[in-house]
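Notes follow once the structure below has been shown.
Values reported hereafter were calculated over all heavy atoms of this structure, with side chains retained and with hydrogens, waters and symmetry mates removed. All residue numbers in this chain count up from 1 along the given sequence. Please read all numbers here as calculations on a predicted model, not as lab measurements.
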Amino acid sequence: MKQHLNTLFVTTQGAYLAKDGEAVAVRVDSETKLRFPAHTLDGVICFGQVSMSPALMAHLAEKDVCVSFLSESGRFLARVQGPTHGNVLLRRRQYRAADDPATSADIARMTLAGKLHNCRAALRRSARDHPDRPEAEKLSIAADALGHQLKRLPMTNGLEGLRGLEGEAAAGYFGAFAAMLLRGEPELGFTGRNRRPPLDPVNCLLSFLYTLLVHDVRSALESVGLDPQVGFLHRDRPGRPSLALDLMEEFRPVLADRLALTLLNRGMLDPKDFRTAVSGAVSLTDKARKTVITAWQERKRNEVEHPFLREKMAAGLLPFAQALLLARFLRGDLDAYPPYLWR
């Protein structure tokens, strides 16, 4: 498990990253602005017009540092990584499990249990924090509905049935999401989830945070030797990190949704921090993107107690802990995969 949480985010357009001895040098207009020792990094994320020397790509790949290239608005484009590590026997077990419908459904069911539990916790926490708001009742009703869906999970058979239940739960959760927004600006309203492209500021912010989350989860899976492309709930599709999408389900409400609400409810982001293209696609401004990235890094440093491992750790290490637990289950060291349950 990686014990450091240092991801280098490069958002300055026109920046060039080069190898400088054992360090990563960030240059703008031929002037070196920053230098980072490569061994202290576990990821580099480049937004928009950012380029990198082949020598640095090779050096980072050798150091097992994942490099992702995203569009300026945060859409994933490509990644560079070194040779696949890990125990081939573990990967064989993963592939066999993915090929077995019953085992896939068991793992997907536990992953969804974590997602539904954590969505319900997010709704309940908002209702508890603001009991006098008229929206509190709506949040409680939505949380109770998720509780009923949690009880139906063990009786739901097959991946199609589980996906149907997930869709039902997601509709209820996002149907109540606007009730967790405390400010009244109509520009920051939310009427439902949309993406590719996001059509309003809240969806834009959620999509951007999910992009950061899937990068971290993918790195966590790689670090324990699992193949992030082969999932259980999300099935194989060329270029899709299906297992990363599976595992991140547990963390969407905990790491991403709560942070989005904090940024909006505390006024750290305003309507002017978003821009709308002629097509209707909404994206973050450069300044707002830096605000979100800074908050994301701080959120990952918050200390939490893992309910299954009973260990205190930085929130950013939770995906690594869950990846390790999934690997232990696939090896046969655990009877079932224990999802992360937010308290």
Side-chain angles (χ1 to χ4, degrees), residues 2-85 197-198 201 204-205 207-216 218-219 222-223 239 241 259 263 268-270 272-279 281-301 316:
K2 291 190 176 183
Q3 296 297 329
H4 50 82
L5 300 169
N6 298 321
T7 299
L8 173 61
F9 297 90
V10 187
T11 61
T12 303
Q13 299 305 286
Y16 180 73
L17 279 63
K19 183 175 182 293
D20 186 354
E22 293 296 311
V24 177
V26 181
R27 297 170 183 161
V28 179
D29 296 332
S30 302
E31 181 182 351
T32 299
K33 298 290 187 181
L34 296 167
R35 292 177 79 256
F36 296 91
H39 73 274
T40 66
L41 297 174
D42 67 347
V44 178
I45 301 180
C46 303
F47 291 86
Q49 300 300 314
V50 176
S51 53
M52 180 180 294
S53 72
L56 178 59
M57 285 188 192
H59 185 61
L60 293 177
E62 183 181 344
K63 297 291 184 185
D64 197 23
V65 178
C66 174
V67 181
S68 294
F69 292 95
L70 279 59
S71 70
E72 193 174 357
S73 61
R75 182 170 57 86
F76 177 81
L77 298 175
R79 72 196 298 259
V80 177
Q81 68 178 82
T84 299
H85 299 291
C204 166
L205 180 57
S207 292
F208 185 74
L209 288 169
Y210 293 160
T211 299
L212 299 180
L213 177 59
V214 76
H215 171 91
D216 287 0
R218 190 171 187 163
S219 297
E222 290 275 4
S223 72
L259 181 57
L263 289 165
M268 297 168 72
L269 293 177
D270 286 313
K272 66 178 183 303
D273 291 314
F274 300 88
R275 56 193 177 199
T276 304
V278 176
S279 64
V282 176
S283 60
L284 288 157
T285 65
D286 293 344
K287 176 176 171 291
R289 192 180 304 116
K290 291 175 182 175
T291 299
V292 177
I293 288 171
T294 300
W296 175 253
Q297 291 292 78
E298 290 175 355
R299 175 73 182 93
K300 289 199 297 180
R301 292 189 180 93

With rounding to the nearest 0.5 angstrom, report the [atom1] to [atom2] distance, [X] to [Y].
| X | Y | atom1 | atom2 | result |
| --- | --- | --- | --- | --- |
| Ser68 | Phe9 | OG | CZ | 9.5 Å |
| Ser51 | Leu17 | OG | CG | 8.0 Å |
| Arg27 | Thr12 | CZ | OG1 | 15.0 Å |
| Glu22 | Thr40 | CD | OG1 | 11.5 Å |
| Arg299 | Leu212 | CZ | CG | 13.5 Å |
| Thr211 | Ile45 | OG1 | CD1 | 9.0 Å |

What closest approach, in Å, do [X] and [Y] show between heavy atoms, and which atom pair accounts for it?
| X | Y | result |
| --- | --- | --- |
| Ala281 | Pro197 | CB-CB, 3.4 Å |
| Ala18 | Leu56 | N-CD2, 3.7 Å |
| Tyr16 | Met52 | CE1-C, 4.1 Å |

Are more than 12 heavy atoms, taken from residues, nucleotides or ligands other than Gln49, located less than 6.0 Å from that residue's CD atom? no

Heavy atoms, side chains only, cut-off 4.5 Å: are [X] and [Y] in contact?
| X | Y | answer |
| --- | --- | --- |
| Trp296 | Leu213 | yes |
| Phe47 | Val10 | no |
| Leu205 | Leu263 | yes |

Please name all residues satisfying salt bridge (charged side-chain N to carboxylate O under 4.0 Å, His left out) with [X], sequence neighbours left out, ordered by chain then number.
| X | result |
| --- | --- |
| Asp270 | Arg183, Lys272 |
| Lys33 | Glu31 |
| Asp20 | Arg35 |

Could you go through the side-chain contact (heavy atoms from CB on, under 4.5 Å) check for Leu269 and Val292 one step at a time? CA-CA 9 Å; Leu269 293 177; Val292 177; 4.0 Å; yes

Hey, is the main chain of Gly21 close enough, under 3.5 Å, to the side chain of Lys19 for a donor-acceptor pair? yes

Just to verify, which of Leu8, Val44, Val80 counts as forming a side chain to side chain contact (heavy atoms under 4.5 Å, CB included) with Val65? Val44

